[in-house]
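Have a look at the structure below before the remarks.
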Amino acid sequence: MTENTDIQDKAPVAADTAAAGAPRSNWHTWMAAFSAVLALAAWIVLCVDGYVALGIGVCAFVAACLGLHAHTRSWRNLATTALVASGVILVVLAAFVVVIFWGLNSV
């Protein structure tokens, strides 16, 4: 009976040491990946509807800002790339909507 308790006591210690070597995946890492997917989706949806692309771009921008706190450098780089891609689509669409569409309709 004592042999089983010794095995059970040693098993969690081995699992803890194996997990300590690998970097932990947290929700910031998932936000970095999610922001990249949303940024790509915003550029694809831009072919169909600009307002929907603007909304998806805002969501991608916010997710990329949250993804900048990821633990590894590669995930932070992905979040930075998604931040730039969603920022470009936001600036271009916002300039188009505000200056051209609303500006010319008010004249």
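Positions are given from 1, in the same order as the sequence printed here.
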Is there a path of hydrophobic side-chain contacts, each under 4.5 Å between heavy atoms of I/L/V/M/F/W/Y residues, joining [Y] to [X]?
X	Y	value
Leu90	Leu68	yes
Val58	Val98	no
Val45	Val37	no

Worksheet item: side-chain contact (heavy atoms from CB on, under 4.5 Å) between Leu38 and Trp43: does it pass, once the steps are laid out?
Response: CA-CA 9 Å; Leu38 282 177; Trp43 280 98; over 6 Å; no
Discussion item. Applying side-chain contact (heavy atoms from CB on, under 4.5 Å) to Leu46 and Leu93, what does each step give before you reach the verdict?
Written reply: CA-CA 9 Å; Leu46 180 61; Leu93 283 177; 3.5 Å; yes
How long is the straight-line distance from [atom2] of [Y] back to [atom1] of [X], given to the nearest 0.5 Å?
X	Y	atom1	atom2	value
Arg76	Leu83	CZ	CG	14.0 Å
His69	Met31	NE2	CE	12.0 Å
Phe61	Leu66	CZ	CG	11.0 Å
Trp30	Trp75	CH2	CH2	7.5 Å
Ser86	Leu54	OG	CG	11.0 Å
Ile44	Ile56	CD1	CD1	9.5 Å

Practice prompt. State, to 0.1 Å, how close Ala42 and Ile89 come at their nearest heavy-atom pair, and which atoms those are.
Written response: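 Closest approach of Ala42 to Ile89: O-CD1, 3.5 Å.
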Worksheet item: Between Ala79 and Ser35, what is the shortest heavy-atom contact and its length?
Response: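 That would be CA-OG, 4.3 Å.
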Worksheet item: Do the side-chain N and O atoms of Asn26 and Thr29 include a donor-acceptor pair separated by under 3.5 angstrom?
Response: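 Yes.
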